[in-house]
Amino acid sequence: MAKDVIIACDFDSKAKTIEFLDKFSDVKPFVKIGMELYYAEGPEIVREIKRRGHKIFLDLKLHDIPNTVKKSMSVLSKLDIDMCNLHASGTINMMKAAIEGLTRQDGTRPLLIAVTQLTSTDEESMHKDLLIDKPLNEVVLHYAKNAQISGLDGVVCSPLEAGIVHETCGKAFLTVTPGVRFADGEIADQKRVTTPERARELTSDYIVVGRPITAATDPVAAYKRCRKEFLGE
Ligand code: C5P
């Protein structure tokens with residue numbers, strides 16, 4: 001299975017995104033389009049980045065009643081994306097509806113993965129704010145099992161949880177892991193973080209890296225450093 005580094009293009013305009021992507025002349029990184037950019041530019045930014053030859057993870061984290069999610073996924077299925085996601089906390093019914101909506105008439109669909117607990121959430125805030133008393137690992141694992149039962153392809157989780165997810169759900173069940181920082185970098189608002197090298201040891205399939213690359217003085221060098229540490233290139 002392909003492992004890769006996905007760059008979180010958290011920009012607020014097409015102009016800034018294209019200026020950033022133009023720096024990558026010899027490689028076409030797998031790109032994540034999140035809410036910020038999608039809400040600013042709409043579906044056209046997805047088409048534009050696809051035309052430029054990038055794989056796309058559309059990170060809109062859907063979470064609503066099953067019927068709304070199903071219909072929204074059906075709309076997203078018309079975009080030529082490679083991966084998209086939703087919140088596992090929306091329940092199994094919602095996730096099953098999402099798969100139905102996302103599957104095109106010819107039976108194909110983009111990969112669908114579920115957010116377990118955001119990597120900015122730690123155990124304390126999960127207990128205090130969300131009133132979920134269980135240990136964080138247990139919650140992540142339970143949500144991963146629900147996602148698998150629903151027919152999803154994997155989960156978004158911290159690299160720290162990738163191992164237990166694979167042990168329980170199998171190696172083919174994808175772990176897409178944000179919360180990645182260089183050993184000498186800043187953590188910012190992320191809580192459950194690791195380095196790209198450690199993410200590899202912990203069996204992450206895809207690492208999602210935003211600010212350590214987008215805010216770097218030399219983003220291409222930072223991207224290459226990520227690939228070297230995570231993929232051993
Ligand atoms: O800049 P940074 O590397 O923290 O970016 C991480 C990206 O991954 C952001 O776009 C964030 O929305 C996303 N993400 C996350 N934690 C999750 C799911 C998505 O940080 N559980």
Side-chain angles (χ1 to χ4, degrees), residues 2-62 72-87 102 104 108-113 115 118-120 153-154 156 174 176-182 184-190 193 195-196 199 204-231 233:
K3 295 201 169 212
D4 213 340
V5 173
I6 302 179
I7 305 181
C9 284
D10 294 324
F11 300 107
D12 61 7
S13 73
K14 176 179 169 184
K16 285 181 199 164
T17 310
I18 299 302
E19 190 192 341
F20 173 76
L21 291 177
D22 275 345
K23 295 181 199 296
F24 295 82
S25 47
D26 54 339
V27 278
K28 293 277 179 200
F30 201 136
V31 158
K32 181 172 87 69
I33 299 175
M35 294 183 208
E36 186 182 2
L37 185 56
Y38 192 81
Y39 291 155
E41 299 289 352
E44 191 44 37
I45 189 69
V46 177
R47 297 188 190 102
E48 171 67 26
I49 294 179
K50 199 70 200 181
R51 274 196 292 273
R52 296 169 70 99
H54 297 268
K55 282 192 169 178
I56 296 177
F57 168 21
L58 188 57
D59 177 22
L60 298 182
K61 298 189 183 72
L62 276 69
S72 308
M73 284 293 183
S74 173
V75 172
L76 295 182
S77 77
K78 295 181 182 77
L79 290 170
D80 190 13
I81 51 172
D82 299 279
M83 188 187 283
C84 60
N85 65 354
L86 46 65
H87 272 286
L102 194 62
R104 303 180 187 106
T108 63
R109 63 166 174 81
L111 292 171
L112 181 61
I113 56 170
V115 176
L118 295 171
T119 42
S120 54
D153 305 293
V156 186
L174 300 173
V176 179
T177 65
V180 173
R181 292 293 180 265
F182 291 123
D184 50 6
E186 279 180 25
I187 288 179
D189 56 346
Q190 294 284 14
V193 298
T195 61
S204 290
D205 295 300
Y206 293 90
I207 52 170
V208 176
V209 189
R211 288 160 290 183
I213 294 176
T214 54
T217 328
D218 184 345
V220 178
Y223 173 68
K224 288 188 174 160
R225 178 178 172 193
C226 258
R227 293 191 70 89
K228 192 167 179 222
E229 289 188 19
F230 180 60
L231 302 166
E233 284 180 347

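Just so you know, residue 1 is the first one in the sequence shown, and it goes up from there.
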Indicate the atoms forming the closest heavy-atom contact of [X] with [Y], along with that distance.
X      : Y      : answer
Ala216 : Ala222 : CB-CB, 3.8 Å
Pro43  : Leu79  : CB-CD2, 4.0 Å
Asp4   : Leu231 : N-CD2, 4.2 Å
Ile56  : Val46  : CD1-O, 3.3 Å
Lys14  : Glu48  : CE-CG, 4.1 Å
Thr17  : Phe11  : OG1-CB, 3.6 Å

Would you say Glu186 has more than 12 foreign heavy atoms packed within less than 6.0 Å of its CD? no

Are more than 12 heavy atoms from other residues, nucleotides or ligands located less than 6.0 Å from atom NZ of Lys228? no

salt_bridge(Arg47, Glu41) N-O dist < 4.0 Å: no

Between Arg181 and Arg211, is there a side-chain heavy-atom distance shorter than 4.5 Å? yes

May I ask you to test the Cys226-Ile213 pair for a side-chain heavy-atom distance under 4.5 Å? yes

Just by distance, do the side chain of Lys50 and the backbone of Ile81 share a donor-acceptor pair under 3.5 Å? no

Donor-acceptor pair, side chain of Asp59 and main chain of Cys84, under 3.5 angstrom: no

Parallel, tilted or perpendicular: which describes the rings of Tyr206 and Phe30, with under 30° parallel and over 60° perpendicular? perpendicular

Separation between [atom1] of [X] and [atom2] of [Y], rounded to the nearest 0.5 Å:
X     : Y      : atom1 : atom2 : answer
Cys9  : Leu21  : SG    : CG    : 5.0 Å
Ile33 : Leu60  : CD1   : CG    : 8.5 Å
Lys32 : Ile7   : NZ    : CD1   : 12.0 Å
Ile6  : Ile207 : CD1   : CD1   : 9.0 Å
Leu86 : Lys61  : CG    : NZ    : 11.0 Å
Leu58 : Leu37  : CG    : CG    : 9.5 Å

How would you list, by chain and number, every residue that makes a side-chain contact (heavy atoms from CB on, under 4.5 Å) with Ser77, sequence neighbours excluded? Leu102, Arg104

Please name all residues satisfying side-chain contact (heavy atoms from CB on, under 4.5 Å) with Asp26, sequence neighbours left out, ordered by chain then number. Lys224

For residues 38-60, which residue pairs qualify under ring pair (Phe, Tyr, Trp, His ring centres under 6.0 Å), counting only residues two or more places apart or in two chains? none

Between Val156 and Val208, does a side-chain contact (heavy atoms from CB on, under 4.5 Å) hold up when you go through it step by step? CA-CA 9 Å; Val156 186; Val208 176; over 6 Å; no

Contacts satisfying salt bridge (charged side-chain N to carboxylate O under 4.0 Å, His left out) that involve residues 16-25 (not counting sequence neighbours) are Asp12-Lys16, Asp22-Arg52

side-chain contact (heavy atoms from CB on, under 4.5 Å) between Thr214 and Asp10, intermediate numbers included: CA-CA 8 Å; Thr214 54; Asp10 294 324; over 6 Å; no

Please test Val180 against Phe230 for side-chain contact (heavy atoms from CB on, under 4.5 Å), starting from the C-alpha separation and ending with a verdict. CA-CA 10 Å; Val180 173; Phe230 180 60; over 6 Å; no

Just do the side-chain contact (heavy atoms from CB on, under 4.5 Å) check on Val176 and Met83 with the steps written out, would you? CA-CA 10 Å; Val176 179; Met83 188 187 283; 4.2 Å; yes

Applying side-chain hydrogen bond (donor to acceptor under 3.5 Å, both in side chains), can you list everything that pairs with Asp153, at least two apart in sequence or on another chain? Arg109

Test side-chain hydrogen bond (donor to acceptor under 3.5 Å, both in side chains) applied to Asp80 - qualifying residues, sequence neighbours left out: none

